[in-house]
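These notes are about the structure you will find just below.
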Amino acid sequence: MAANSERAHAPMTRRIFQALIALTALLTLAPAAGDEFSTTPSFLPIHEAFKVSAIGTPDAIQVYLVAAPGYYLYKSKLSFSVAGTGVTAGSALLPAGELKTDPYFGDVLVYHGAVSARVPVENHGAGAFTVRVGFQGCAEKGLCYPPDSKEIQIANGAGSAASTEWGWWRVVLAIASGLGLVLTPWALAAAPILSFVLLRNGMTFRSRVYRGLAFAASFLAGYSIINASIAWFSPGIYIQGALQSPPVLIPCSAILLMLCVTMALRDSATVPDTVNRLIKGLSRLTPAVSSVALGVLTTIVVTPYVPEPLASSMQFLRAGGNKAGGVIEIMAFALAMVGPVILMVVGISQLVSRPRSWMSGARQVNAVLLGIVAIWLAGRVLPGQLTLGLYGVLAVGVAITLGVFTPRARSNVTTVLAGLTLAYGATAWLGMFKGEADPLNPLGVSKGEALSWSVVSTPDGLAAAIAESKTAGTPALIDWYADWAVSSGLSNLAATSSKVRSAVRDIKLIRVDLTRGGLPVRRLLELNGLMGPGAVQLIRPNGIEATEHRLVGDTSEEKLVDAIEGLVGLSVK
């Protein structure tokens, strides 16, 4: 009887223990699971889940939207409209978005985190106006918010780049801006190229002027067409990237090297007759076509350089301003930038052509300058160490030509010059093997500590980098960079200036690499209202750009440090 009672109680005991184990497991897992066991999860208010802000630029409104973690915005539900006297808005430019299978709308494109939109605006009244941003989003946990909107006041001047009140005063400003850039390497690169066709015996002053005008006309036409096309048809990198690519630059560099060798050997008595006949043939052929052809080649050399005055004229065109007026501005700027250089070359070539003894020396100097421009051009797509080595080859060749190994046959001045040139060539080769790339500092002497960059090349990558900076509560600096435009922006300045390195010490550094081109890069430039590389943006800790501190074109140490001081509100020592 007792045995039967024990067998009857055994299943009940097991059930009790099983229930206790299950209850214990449930009590243990519930706190860890958190909201998964909550039937009423908490959700943020709509304007905390989705934050919207906007600022005005000369030709657009930059709208910034941020979805909190665990929330997302629908791309198709975003809308933008403006209200104000004489203000009209174009179609918004938006990043691609992420494909998501949504429980409410099926397969849709959405945005997580930060997203930037650019709305082209024409503000003919140049006054303040209001932008209304409509949006709708959801929480990943299942709540879909109703459509909402936010109105933001935009200050005076935004969108006024395309004002219908175009006047010739804009041309005067373009000329003044171009004259201020006469002594830049970009303008001076035209001098040896044009000199190739002007440094000839027997040419009259009139023929030199005519060829100089033909060179100027072809350069102005090419420069204006390219930059106007950039403004109208793309944000810049697609056209620039196509021109600044190996299939274009390497042949152009080879042409310049051929001109360099031709000019260097023209007066040499040791050149074989066959080579002499080839040089004379080129000399007869070149004048007929070289002025126009070399003007076009110079356009390719100068294309990557987009200084602020030129960017302003291009922005005017892209914003829908007077098309003829905008093109005239670009032509006036280009003429003012290279016109004095062309006049200088015509005058000097006429001067040195009179005493025949000067002509040979002038040709040799110009041959060296052509070689420098050729290597500079090829260096946009060649590895930096190789480019430095090529400068070394050129320097050693010049030293040998000057008689570095036969000093008794030369004057003391020539001997010293030949020795210095040979020393530079050897130093350049040593720097190449050391891994250096800067021809102005071949051994990397006193080079500062390398800066740490977050490198991005897509809109999503840039948004994520800015979001990281915002989360950390720190400002950010964005350097728009391309390998073929290394002379612009922050590329060299950060490496050589201790004051700049000190200024950016507590700032997140973001580098947008535009070298490869393509649709993502075009979209990046488009979304940020830029024409190409060589620009610097400063981002406040809240993730919004300080547009008043944007720098375009060559950036000096003083300008950059002043902009950073204006951003952080502190003096940089």
Side-chain angles (χ1 to χ4, degrees), residues 35 41-57 60-83 89-121 130-154 456-473 476 478 510 512 519-520 522-529 537 539-545:
D35 290 342
S42 59
F43 296 100
L44 293 172
I46 187 168
H47 288 283
E48 291 184 22
F50 311 107
K51 295 182 179 180
V52 183
S53 57
I55 57 174
T57 67
I61 306 165
Q62 289 292 139
V63 180
Y64 301 90
L65 303 103
V66 180
Y71 296 79
Y72 57 90
L73 286 161
Y74 295 109
K75 180 178 181 179
S76 62
K77 302 298 181 180
L78 292 178
S79 63
F80 307 89
S81 60
V82 294
S91 300
L93 302 168
L94 293 163
E98 306 169 41
L99 184 62
K100 179 181 177 64
T101 301
D102 184 74
Y104 298 96
F105 299 103
D107 291 337
V108 291
L109 292 173
V110 301
Y111 297 118
H112 290 91
V115 59
S116 173
R118 180 174 173 271
V119 184
V121 172
T130 301
V131 58
R132 183 178 182 274
V133 181
F135 61 92
Q136 185 177 8
C138 289
E140 299 284 3
K141 295 176 184 177
L143 174 65
C144 188
Y145 291 85
D148 205 331
S149 64
K150 183 175 181 179
E151 292 188 351
I152 303 165
Q153 188 74 10
I154 304 298
V456 300
S457 57
T458 64
D460 290 342
L462 180 58
I466 294 175
E468 288 178 8
S469 172
K470 180 180 178 182
T471 301
I478 304 175
I510 304 169
V512 183
L519 184 59
R522 293 177 62 190
R523 180 64 69 177
L524 266 171
L525 288 168
E526 214 170 351
L527 288 170
N528 288 273
Q537 291 176 287
I539 309 297
R540 296 188 178 95
N542 62 0
I544 306 301
E545 181 190 358

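Under the 4.5 Å side-chain criterion, counting only non-hydrogen atoms from C-beta, Arg523 is not in contact with Pro95. Between Glu545 and Thr57 there is no side-chain heavy-atom pair separated by less than 4.5 Å. Looking at heavy atoms from C-beta onward, Phe105 lies in side-chain contact with Cys144 at the 4.5 angstrom threshold.
In this structure, the salt bridge (charged side-chain N to carboxylate O under 4.0 Å, His left out) partners of Arg540, at least two apart in sequence or on a different chain, are Glu548. Annotation: side chain to side chain contact (heavy atoms under 4.5 Å, CB included) contacts of Ser79 (sequence neighbours excluded): none. Listed by chain and number, the residues in a salt bridge (charged side-chain N to carboxylate O under 4.0 Å, His left out) with Lys150 amount to none (sequence neighbours excluded). For Ser81, there are no side-chain hydrogen bond (donor to acceptor under 3.5 Å, both in side chains) partners, not counting sequence neighbours. With sequence neighbours excluded, no residue forms a side-chain hydrogen bond (donor to acceptor under 3.5 Å, both in side chains) with Tyr64. In this structure, the side chain to side chain contact (heavy atoms under 4.5 Å, CB included) partners of Ala68, at least two apart in sequence or on a different chain, are Leu44, Tyr71. With sequence neighbours excluded, the residues satisfying salt bridge (charged side-chain N to carboxylate O under 4.0 Å, His left out) with Glu140 are Lys100. Qualifying ring-ring contact (aromatic ring centres under 6.0 Å, His included) partners for Tyr145, counting only residues two or more places apart in sequence or in other chains: Phe50. Here Ala54 pairs with Ile61, Val63, Val131, Ile152, Ile154 under the side chain to side chain contact (heavy atoms under 4.5 Å, CB included) rule; sequence neighbours left out. Scanning for ring-ring contact (aromatic ring centres under 6.0 Å, His included) contacts around Phe80 gives an empty result, with sequence neighbours left out.
Annotation: the span from Phe135 atom CZ to Tyr111 atom OH amounts to 15.0 Å, rounded to 0.5 Å. Taken to the nearest 0.5 Å, the CG atom of Leu527 stands 6.0 Å off from the CG atom of Leu93. Within the model, atoms CZ of Arg118 and CG of Leu525 stand 10.5 Å from one another, a figure rounded to the nearest 0.5 Å.
Not one N or O on the side chain of Lys77 forms a donor-acceptor pair closer than 3.5 Å with the backbone of Gly137.
Looking at Asp148, Leu65, Val119 one by one, the single match for side chain to side chain contact (heavy atoms under 4.5 Å, CB included) with Val133 turns out to be Leu65. The only member of Ile510, Val512, Asn528 that meets side chain to side chain contact (heavy atoms under 4.5 Å, CB included) when paired with Gln537 is Asn528.
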- Message: Before you tell me yes or no, could you show the steps for Ile544 and Ile55 under side chain to side chain contact (heavy atoms under 4.5 Å, CB included), namely the whole-Å CA-CA distance, both residues' side-chain angles and the distance that decides it to 0.1 Å?
- Response: CA-CA 8 Å; Ile544 306 301; Ile55 57 174; 3.9 Å; yes

Side-chain donor-acceptor distances from residues 456-468 under 3.5 Å, at least two apart:
from	atom 1	to	atom 2	distance (Å)
Thr458	OG1	Gly461	N	3.1
Glu468	OE1	Lys508	NZ	3.3

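The two residues Ser116 and Gln62 make their nearest non-hydrogen contact at OG-NE2, 3.4 Å. Contact detail for Glu48 and Lys51: the closest heavy-atom pair is O-CE, 4.0 Å. Shortest non-hydrogen contact noted between Arg132 and Ser149 is NH2-OG, 3.1 Å.
For residues 103-115, no pair satisfies salt bridge (charged side-chain N to carboxylate O under 4.0 Å, His left out), with sequence neighbours left out.
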